[in-house]
Trainee: 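Submitted below is the structure of interest, expressed as structure tokens.
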Amino acid sequence: MPTMSNDNQTPAQDENRLIAERRAKLAAIREQGNAFPNDFRREHKAADLQATFGDKTKEELESLGQQASVAGRIMAKRGPFFVLQDGSGQIQLYADKEAQKALKETTGMWDMGDLVGVKGQLHKSGKGDLYVNLEEFQLLTKALRPLPDKFHGLSDQEIRYRQRYVDLMVNPEVRDVFRTRSKVISFIRQYLNDADFMEVETPMLHVIPGGASAKPFVTHHNALDVEMYLRIAPELYLKRLVVGGYERVYEINRNFRNEGLSTRHNPEFTMLEFYQAYADYKDLMNLTEDMLRKLAVEVCGSAAFTSQGVEYDFNKPFDRISVVDAILKYYPSVTREQLNDISSATDIARNLKIDVKSTWGLGKIQIEIFEETAEHKLIQPTFITEYPAEVSPLARRNDDNPFVTDRFEFFVGGRELANGFSELNDAEDQAERFMQQVQEKDAGDDEAMHYDADYVRALEYGLPPTAGEGIGIDRLVMLLTDSPSIRDVLLFPHMRPE
RNA sequence: GGGUCGUUAGCUCAGUCGGUAGAGCAGUUGGCUUUUAACCAAUUGGUCGCGCGUUCGAGUCGCGCACGACCCA
């Protein structure tokens, strides 16, 4: 079978008669002059006009003689009226017989999807809608492709994701989701900046992928002739910066993990990570609780909101409960003693159909049991604490119980939203734990970490006692926008190539 | 990776028991001209996802494949 490079693929195969007719119209417009003028300057946005003049009566508007100049896309035609949509909202246009005649004789009647500019007096129709009378008007860009069904819109999920530009044109609630996403991120930036955190950017291309347990994407740097990895987490670089003396840093950026696609996973996803010197994991739980409470008010209008049919009230204190206590709460048929004994814990795990590997210690087994029995039941906001050191290779051990670390994960709606801990700043302990990870990698765990000698060297210069946390922005936006799938909060979710 | 469902006109969808491929919107032509999914009349538009099979005959039945959605791992 002959291969075909992307470069010489033939253009769109999906030409149809509607597109051909519009191409013919465009060809006629080209004959008359500039088909793509860029000299129209609007003075008004649709939503501003609606807000300022929407309450005026027809008669008040007549006497005002308000001129309006708007630009945007034709979304509907109703008799002599057009519905124009710009970035702010919609407003009607009115073409009297004379204007309709002029349109037909110049650019041809405007089609749905065309981008136009209009100047004229603002009026109110008999039915009470504002409209701009067509006095001066220009076709700015001819749309060659028709819009989807004006009433049903675009509902095919695949086309919505693959052609997000069409989805955004015709589905206002989709535009709202991504406005909310933008507000979430800007609120978090403001919150952290106000708390004296500094935003930084660390490498996306790593020679040693680290900071998380995940399979990386591999790439190759030609000039250096080395394998490089798209980062799975920025953690180790951010902590190097704390070593360097920036005591509060954060980064909001993409991580890449070579995993499957699902309603909860995209191979690239946005993560907030932040680090605070002279603080511990409890300080970060308090910060997280305060930040999310205020964030909910900011983007939902209230700390009480509904998502996926569940009512939340972030004004209520978030639960804090240990891993083992969470298992006991949601799986009461086992006892603390059983969970703290490796042979009985193994039996419990096997009864839950968990494939217990011979390399697993008690900590890993407990976490697997937790994920199976408790995680999906953590609907209301809950901090889970006391994560075993075995599954927390970068976290500081607890002073009273060295089996666990000073770590939490935060769950809402049965999903992990955040992960934070007091950082391990004992360089020698860190070196040992890297060695342990390397052994697990050698034993076949391709998600185990590499040994990062430079990171150990940084710790040898001294990392202040520090706490750090990561918050998954996509899942947070899903929660706050009531979106069932991560694809609904990603502008361009990854799909199998067409 | 497994299961369920889906793929028919540009869009949203019907399609009965296997017997000539349908509607609304969009488009085209004309009318109407302060409409609100505008309306009225006429009219154009199909590789029924792809392939193989069963059959006199397949959108429909069978098998395989592709892509997607949802659920599970």
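Given the structure is predicted, the values throughout are model-derived calculations rather than measurements. Here is the naming used below: chain letters follow the sequence lines, and residue numbers restart at 1 for every chain.
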Trainee: How many Å lie between CD on A/Q90 and C1' on B/U36, as a whole number?
Mentor: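 About 11 Å, once rounded to whole Å.
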Trainee: Using the C1' atom as the reference point in each nucleotide, state the distance between B/C40 and B/C67 in Å, no decimals.
Mentor: 42 Å
Trainee: Quickly work out the A/Q100 CD to B/U34 C1' distance and round it to whole Å.
Mentor: 12 Å
Trainee: Could you give the distance separating B/U4 and B/C61 at their P atoms, to the nearest angstrom?
Mentor: 16 Å
Trainee: If you measure from the C1' atom in B/A23 to the same atom in B/A37, how many Å do you get, rounded?
Mentor: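 The same atom, C1', in both gives a distance of 16 Å.
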Trainee: To the nearest angstrom, how far is A/E375 atom CD from B/A73 atom P?
Mentor: 12 Å
Trainee: At 4.0 Å (heavy atoms only), tell me whether A/Y131 reaches a base, stays on the sugar-phosphate, or touches nothing.
Mentor: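 Answer is base: heavy atoms of A/Y131 come under 4.0 Å of a base.
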Trainee: At less than 4.0 Å, is any side-chain N or O atom of A/R78 found next to OP1 or OP2 of B/U35? Yes or no.
Mentor: no
Trainee: Give me the distance, rounded to whole Å, that separates B/U16 from B/U28 when you measure between the C1' atoms they each carry.
Mentor: 34 Å
Trainee: Using the P atoms only, state how far B/C5 lies from B/G22, rounded to an integer number of Å.
Mentor: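 Approximately 29 Å lies between the P atom of B/G22 and that of B/C5.
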Trainee: If you look only at pairs with a residue in residues 85-97 of chain A, which of them pass as a salt bridge (charged side-chain N to carboxylate O under 4.0 Å, His left out), with sequence neighbours excluded?
Mentor: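 Residue pairs with at least one partner in residues 85-97 of chain A: A/R42-A/D86.
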Trainee: Quick check on RNA chain B: between A/G153 and A/G79, whose nearest nucleotide comes earlier from the 5' end?
Mentor: A/G153
Trainee: Going by atom type alone, with no hydrogens or angles, which donor-acceptor pairs under 3.5 Å involve a side-chain atom of residues 374-382 of chain A and a protein atom two or more places apart or on another chain?
Mentor:
from, atom 1, to, atom 2, distance (Å)
A/K377, NZ, A/Y330, O, 3.4
A/Q380, NE2, A/E311, O, 2.9
A/T382, OG1, A/Q380, O, 2.7

Trainee: For atom P, what is the distance between B/G49 and B/G10, given to the nearest Å?
Mentor: 13 Å
Trainee: For residues A/W360 and A/I354, report the shortest heavy-atom separation together with the two atoms involved.
Mentor: CZ3-CG2, 3.8 Å
Trainee: Quick one: pull up CZ in A/R181 and OG in A/S483 and give me the separation to the nearest 0.5 Å.
Mentor: 10.5 Å
Trainee: Please produce a list of atom pairs where a protein N or O lies less than 3.5 Å from an N or O of nucleotides 24-31 of chain B.
Mentor:
from, atom 1, to, atom 2, distance (Å)
B/G24, N2, A/D149, OD2, 2.7
B/C25, O3', A/K150, NZ, 3.3
B/A26, OP1, A/K150, NZ, 2.7
B/G27, O2', A/E21, OE1, 2.1
B/G27, O2', A/E21, OE2, 3.4
B/U28, OP1, A/K25, NZ, 2.7

Trainee: Only one of A/F410, A/F411, A/F421 passes ring-ring contact (aromatic ring centres under 6.0 Å, His included) with A/F383; say which it is.
Mentor: A/F410
Trainee: Report yes if the side chains of A/D488 and A/Y161 come closer than 4.5 Å at any heavy-atom pair, otherwise no.
Mentor: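 Yes, at least one pair of side-chain atoms sits under 4.5 Å.
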Trainee: For A/D482, give me all partners under side chain to side chain contact (heavy atoms under 4.5 Å, CB included), at least two apart in sequence or on another chain.
Mentor: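 A/D482 satisfies side chain to side chain contact (heavy atoms under 4.5 Å, CB included) with A/S307, A/Q308 once adjacent residues are dropped.
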Trainee: For nucleotides B/G46 and B/A41, find the distance between their P atoms and express it as a whole number of Å.
Mentor: 25 Å
Trainee: Provide, to the nearest angstrom, the distance between the CG atom belonging to A/L352 and the P atom belonging to B/A73.
Mentor: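 Answer to the nearest Å: 12 Å.
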Trainee: May I have the distance from A/D114 (atom CG) to B/G10 (atom P), rounded to whole angstrom?
Mentor: 20 Å
Trainee: What is the distance, to the nearest angstrom, from the CG atom on A/D156 to the C1' atom on B/G49?
Mentor: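 Rounded to whole Å, this separation is 12 Å.
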Trainee: Does a distance-only test, which skips hydrogens and angles, find a donor-acceptor pair under 3.5 Å between the side chain of A/Y94 and the base of B/U35?
Mentor: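 No, the side chain and the base share no sub-3.5 Å donor-acceptor pair.
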Trainee: Tell me what A/D96 touches on the nucleic acid: a base, only sugar-phosphate, or nothing, going by heavy atoms under 4.0 Å.
Mentor: nothing
Trainee: Please list, pair by pair, any protein nitrogen or oxygen found under 3.5 Å from a nitrogen or oxygen in nucleotides 65-67 of chain B.
Mentor:
from, atom 1, to, atom 2, distance (Å)
B/C67, OP1, A/R496, NE, 3.4
B/C67, O2', A/E158, OE1, 3.4
B/C67, O2', A/E158, OE2, 3.0

Trainee: Kindly state each residue pair satisfying salt bridge (charged side-chain N to carboxylate O under 4.0 Å, His left out) with at least one member in residues 101-118 of chain A, sequence neighbours excluded.
Mentor: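 Sorted pair list: A/K25-A/D111, A/K101-A/E105, A/D111-A/K142, A/D114-A/K142.
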Trainee: Please list every donor-acceptor pair under 3.5 Å in which a side-chain atom of residues 365-373 of chain A meets a protein atom from a residue at least two apart or in another chain.
Mentor:
from, atom 1, to, atom 2, distance (Å)
A/Q366, NE2, A/L339, O, 2.8
A/Q366, NE2, A/N340, OD1, 3.2
A/E368, OE2, A/K364, NZ, 3.0
A/T373, OG1, A/I369, O, 2.8

Trainee: Under the side chain to side chain contact (heavy atoms under 4.5 Å, CB included) test, which residues partner A/R254, sequence neighbours left out?
Mentor: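 With sequence neighbours excluded, A/R254 shows a side chain to side chain contact (heavy atoms under 4.5 Å, CB included) to A/M204, A/F256, A/E268, A/T270, given in chain and number order.
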Trainee: In whole Å, what separates the C1' atom of B/U44 from that of B/G30?
Mentor: 15 Å
Trainee: Between B/A73 atom P and A/L261 atom CG, what is the distance in whole Å?
Mentor: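 A/L261 atom CG is separated from B/A73 atom P by 18 Å.
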Trainee: Write out all pairs satisfying ring pair (Phe, Tyr, Trp, His ring centres under 6.0 Å) with one or both partners inside residues 43-93 of chain A, taking only residues at least two apart or from two chains.
Mentor: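 Listed by first then second residue: A/F81-A/Y94, A/F81-A/Y131, A/F82-A/W110.
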Trainee: Considering only side-chain heavy atoms of A/N16, which listed nucleotide, B/G10, B/A69, B/U36, is closest?
Mentor: B/G10
Trainee: Output yes when at least one side-chain N/O atom of A/S155 is less than 4.0 Å from OP1 or OP2 of B/U12, else no.
Mentor: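 So the side chain of A/S155 is within the cut-off, an N or O lying under 4.0 Å from OP1 or OP2 of B/U12.
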Trainee: Mind checking ring pair (Phe, Tyr, Trp, His ring centres under 6.0 Å) for A/Y451 and listing every partner two or more places apart, or none if nothing turns up?
Mentor: A/F434
Trainee: What stems, by residue range, does RNA chain B take part in, given at least 3 consecutive Watson-Crick or G-U pairs under 3.5 Å?
Mentor: B:1-7 with B:66-72, B:10-13 with B:22-25, B:27-31 with B:39-43, B:49-53 with B:61-65
Trainee: With sequence neighbours excluded, tell me which residues meet ring pair (Phe, Tyr, Trp, His ring centres under 6.0 Å) with A/F314.
Mentor: A/F305, A/F318
